Engineer: 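Have a look at this one.
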There are 2 protein chains.
Amino acid sequence: MTPLSDRGLEFSQLLVEVFRVNGLLLAAGDELAAPAGLTSARWQVLGVVDHGPSTIAQVARTMGLTRQAVRQTATSLVRDGMIVFQDNPHDRRAKLLALPPRGRSALRRVERRQAQWADELAARISLAELRAVTGTLRDLGDLLEDR
Amino acid sequence: MTPLSDRGLEFSQLLVEVFRVNGLLLAAGDELAAPAGLTSARWQVLGVVDHGPSTIAQVARTMGLTRQAVRQTATSLVRDGMIVFQDNPHDRRAKLLALPPRGRSALRRVERRQAQWADELAARISLAELRAVTGTLRDLGDLLEDR
DNA sequence: GGCAGATTGACAAGTACCTGTCAAAATCGC
DNA sequence: GCGATTTTGACAGGTACTTGTCAATCTGCC
C-alpha cells in the first residue's frame, strides 16, 4: 500500500526513535531544571545570557528560535528575577538581558546536575557508538537542511 | 567549571544533534502534510484511525500522548470533515473516530508523498549506518526510560 | 543630512502539547 | 445487584513554540 523500500522502512524506524529520544531528553531536561525553579527553555536562555549580556534577537539567533519565542521566555524569567533588562548604549530599542545573582546561581545549580547526568549516561554507551550516532545524525540533519 | 568527561562532552553533542534532527523532521512532516490540508499531528491521528475506528483514549495510548492532546486534534479534524464520530455500541461515553472519504483520501495523499520522501533520504545513507544509529538510539531511549 | 531598507521589541492569534479537575459511564469485587 | 474503582470525554489553564503585523529605531547609501 505504501511502497516503502527496505531502506525506507529502516528509515521510518529511525524517525520513531528520534522522536522518542527527543521526548525523553526534553523530559529529562525539565527534571534537571525543576529543582532550580527552571524549565528546559528557561535554562537554555540563561545559558546563552551567561556568555554575556545579549538582546532578545541575539539570543534567538543563537538558539535557532524566533525572537517572539525568546521574548516570551525572557519575560517570564524577568518576572521571576532570574534575568534583568539593562539599557543598551548601542541600541535604544534592544535592551540587554543580563544575569543577576539569582539567575546565575540557578543556572550553576542546573549545570552541576546536568554534568553529572550526562556523565552517568555517557558511561553506559561506548565512545565509538556515541561518535558514530552523532556523525550519522549530523549527516542526516545536513541532508534534511539541503532540501 | 562544568566538569564534563570526554564522554559527557560527546554525549552533549549527541543531544544537540537529536534536537536538531527532530526539529527538521517535524518541519519536513508538516511540509509533506500541508498539500493535503494536514499537519504532522493531524496526519498521525488519521494514520491511527485508518487501522480501524478508535476512541480518543485508544488513539492517545497508541501515539503515546494524553487524551487531551488527541481530543484537541480530533476536534479540529472533525470540524474540517477529515474525521467523523460514530456511536460506540460498547461504551456510551467514548464515541469512535472513523475515516470518511475526505479524510481517507487526504491520508493516502500524504502517505504517497511520505513514502517517496523516506525512500529518497534513505537512499543517501547506508543500510548499516541506518541500523546502527537506530539501535544506539533505541538503547539510549531505554536507558532514559529506566531512570 | 536625509531617506530607503533592515532590524528590533511588542502584540495578536494559532498549533501542539501538558497537568489538574470533574461528572458520567463502564468495570470489578463480593 | 450494588458499591468502590477505573476509565472516559470535556473543560480550564499553562508552556513552548509558530506566523503575521506594527511602529520605533538603527544602518547603509548617496
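Naming convention: chains lettered A, B, ... in sequence-line order (proteins, then strands); numbering from 1 in each chain. All of these numbers come straight from a predicted model, not from anything done at the bench.
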Engineer: Atom CZ of B/Arg67 and atom P of D/dC11: how far apart are they, to the nearest Å?
Structural biologist: 14 Å
Engineer: Take atom CG of A/Asn22 and atom P of D/dA16, then tell me their distance rounded to the nearest Å.
Structural biologist: 15 Å
Engineer: Choosing from C/dT8, C/dC17, D/dC17, which nucleotide comes nearest the side chain of A/Arg61?
Structural biologist: C/dT8
Engineer: What nucleic acid atoms does A/Ser40 come within less than 4.0 Å of, heavy atoms only: base, sugar-phosphate, or nothing?
Structural biologist: nothing
Engineer: Within this structure, what is the CZ-OG1 distance for the pair B/Phe85 and B/Thr75, rounded to the nearest 0.5 Å?
Structural biologist: 6.0 Å
Engineer: The side chain of B/Gln72 is closest to which nucleotide in this list: C/dG9, C/dC17, D/dA10?
Structural biologist: C/dC17
Engineer: Measuring from the side chain of B/Arg42 (C-beta onward, heavy atoms only), which nucleotide among D/dT21, D/dC11, C/dA16 has the closest atom?
Structural biologist: C/dA16
Engineer: Among A/Gln114, A/Arg108, A/Arg109, whose side-chain hydrogen bond (donor to acceptor under 3.5 Å, both in side chains) with A/Glu111 holds?
Structural biologist: A/Arg108
Engineer: Looking only at atom types and distance, does a side-chain atom of A/Gln72 sit under 3.5 Å from a main-chain N or O of A/Ala69, one as donor and one as acceptor?
Structural biologist: no
Engineer: Atom CZ of B/Arg71 and atom P of C/dC22: how far apart are they, to the nearest Å?
Structural biologist: 17 Å
Engineer: Of the nucleotides D/dG9, C/dG9, D/dA16, which has the atom closest to the A/Ala57 side chain?
Structural biologist: C/dG9
Engineer: For A/Gln58 and C/dT8, what is the distance between atoms CD and P respectively, to the nearest whole Å?
Structural biologist: 8 Å
Engineer: Can you measure A/Leu38 atom CG to D/dA16 atom P for me and round it to whole angstrom units?
Structural biologist: 10 Å
Engineer: Looking across every strand, which nucleic acid part, if any, lies under 4.0 Å from A/Ala41 by heavy atom: base, sugar-phosphate, or nothing?
Structural biologist: sugar-phosphate
Engineer: Looking at DNA chain C, which of residues 73-92 of chain A put a heavy atom within less than 4.0 Å of it?
Structural biologist: none
Engineer: Starting at atom CG of B/Leu96, determine the distance to atom C1' of C/dA26, rounded to an integer number of angstrom.
Structural biologist: 15 Å
Engineer: For the side chain of B/Gln68, counting heavy atoms from C-beta on, which of C/dG20, C/dC17, C/dT8 is nearest?
Structural biologist: C/dG20
Engineer: Looking at NZ of A/Lys95 and CG of A/Asn88, how far apart are the two atoms once the value is rounded to the nearest 0.5 Å?
Structural biologist: 11.0 Å
Engineer: How about A/Ser40 and A/Asp30: does a side-chain donor come under 3.5 Å of a side-chain acceptor?
Structural biologist: yes
Engineer: In this structure, how many angstroms lie between the C1' atom of D/dG9 and the CG atom of B/Leu97, rounded?
Structural biologist: 11 Å
Engineer: Under 4.0 Å between a Lys/Arg side-chain N and an Asp/Glu carboxylate O for B/Asp142 and A/Arg124?
Structural biologist: no
Engineer: If you assign A/Thr66 and B/Ile56 each to the DNA chain D nucleotide with the nearest heavy atom, which residue ends up on the more 5' nucleotide?
Structural biologist: B/Ile56
Engineer: In whole angstroms, how far is the P atom of C/dC18 from the CG atom of A/Leu24?
Structural biologist: 13 Å
